[in-house]
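All chains are named by letter (A, B, ...) in the order of the sequence lines, taking the proteins before the strands, and each is independently numbered beginning at 1.
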Amino acid sequence: MKVLWDLYISWFKMGLFTFGGGYAMLPMIQKEVIDRHHWATEDEIMDYYAIGQVTPGIISVNTATFVGYKLKGIIGGIVATLGVISPSFIIISLIASLISNFADIPMVQHALRGIQVAVCVLMFSAIEKLYKKGVRNTAGIIIFAAALILSYFTDISTMILVIFAGAAGYAVTCFRSRKGGVDHE
Amino acid sequence: MSDFLLLLLEFFKTGLFAVGGGLATIPFLTEISRKYGWYSIADLTTMIAVSESTPGPVGVNMSTYVGNQLYGFFGGIAATLALVCPSVIVVCIIARALQSFRNSPVVNGIFEGLRPAVVGFIITAAIGIYKIALLDLDAFAGIQSIAGVIRWKAAALFAVLLYIYRKKNPHPIVIICIAAAVGILLSF
């Protein structure tokens, strides 16, 4: 019971302070899920993000479901998902019924401009950590550079890029284990 | 079929087929607007603005807003649950499969390639956020120098917050709250 409650509260917090979608949630996930509760490792979170690119739905919801499922099965997945959607649900319901031109209020706009800068700061540190963890060898650097360049400069769908990256990773492992002779698995 | 069931069905479909994140729901929501006229494209633009100025995933915000506008509070709940339902089901199935394949060399090989790629995708997303937050691209056309494009107030706040975050390692929530307060006080 305690774990379910922690899951709900923790994902509620992450949902409440995430502005701008799934990727912006990364710093919060690192703090809450990895450092604080040790519910998942950095590697697992990266795997969830990658899977989130090729499965239906919103990435933050998918990540919440994954972490919840890992801890407490289907119930855990549902509880974490409800946690992450609750804050936006409450806030939007209030805004929809009370304030008709919320986005045009000057104070809201000023606060948001500030928050965007905060997101930049948090993303900067989050990416630094992720790079150290995720890009570990020459093959990794090549795949990383290709993914960055293709996702930034072309319109190729991320889904396609994910499939190629997975195939490349598999090919590299095969090549390495054949060259090394003895498989270290 | 009643309009209410149709609403649920449409958001379930959106949740099922919008692959890759909140903004991927927008084409589907445009389609719903065209097909049923539950809301206009202008309403949709307002919804996107509200979604982006409140916390939480854009897709969830959108479904809550649309459901709420049409059927009140419970409409919002129903539309949101319909939206997240498919991904919860799919992810539970994948998470289960992943547990059994955790030690498979094939799966591990695939993830070897996915992890560095994800870092690349996240940087691409971050560049988009950086451009909006730190640069004034509207000014780009009129102003000759690069210095005129940078939002100096935002850049200064960025440097200060980065210093605090590095030195004191506070919870990200603290950084977000400071930034919101500074934004209001200095009229960003």
Check ion pair B:Arg115-A:Glu42 (N to O, under 4.0 angstrom):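 Answer for the salt bridge query: no.
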
Do you know which of [options] has the most heavy-atom pairs under 4.5 Å to chain B?
| options | answer |
| --- | --- |
| A:Phe153, A:Tyr152, A:Phe164 | A:Tyr152 |
| A:Val61, A:Asn62, A:Val135 | A:Asn62 |
| A:Ala145, A:Gly140, A:Gly77, A:Ser93 | A:Ser93 |
| A:Tyr48, A:Tyr49, A:Phe66 | A:Phe66 |
| A:Val108, A:Ile85, A:Ile74 | A:Ile85 |
| A:Pro87, A:Ala50, A:Ala139, A:Ala168 | A:Ala50 |

Distance-minimising heavy-atom pair for [X] and [Y]:
| X | Y | value |
| --- | --- | --- |
| A:Gly15 | B:Pro55 | O-CB, 3.6 Å |
| A:Ile143 | B:Gly113 | CG2-O, 3.4 Å |
| A:Phe144 | B:Val119 | CE1-CG1, 3.7 Å |
| B:Ala179 | A:Ala118 | CB-CB, 3.4 Å |
| B:Pro170 | A:Lys31 | O-NZ, 4.1 Å |

Derivation and outcome, side chain to side chain contact (heavy atoms under 4.5 Å, CB included), residues B:Gln99 and A:Tyr69: CA-CA 10 Å; B:Gln99 280 175 348; A:Tyr69 186 92; 4.0 Å; yes

Check each atom of [X] against the heavy atoms of chain B and say whether the ones under 4.5 Å are side chain, backbone, both or neither.
| X | answer |
| --- | --- |
| A:Leu82 | side chain |
| A:Glu32 | side chain |
| A:Ile115 | both |
| A:Ile95 | side chain |
| A:Asp35 | neither |

Who among [options] has the most heavy-atom pairs with chain A under 4.5 Å?
| options | answer |
| --- | --- |
| B:Ile89, B:Val107, B:Ile175 | B:Ile175 |
| B:Leu114, B:Val90, B:Ile173, B:Leu161 | B:Ile173 |
| B:Leu134, B:Val182, B:Val106 | B:Val106 |
| B:Ala181, B:Ala133, B:Ala125 | B:Ala133 |
| B:Val88, B:Asn61, B:Val118, B:Leu16 | B:Asn61 |
| B:Thr14, B:Val60, B:Leu81 | B:Val60 |

Heavy-atom proximity to chain A below 4.5 Å, by part of [X]:
| X | result |
| --- | --- |
| B:Ser187 | both |
| B:Ile127 | side chain |
| B:Cys85 | neither |
| B:Leu185 | neither |
| B:Arg166 | side chain |

Ring center gap for A:Phe89 and B:Tyr65 short of 6.0 angstrom: no

Parallel, tilted or perpendicular: ring planes of B:Tyr130 versus A:Phe124, cut at 30 and 60 degrees: tilted

Short side-chain to backbone donor-acceptor contact, A:His110 and B:Gly183, under 3.5 Å: no

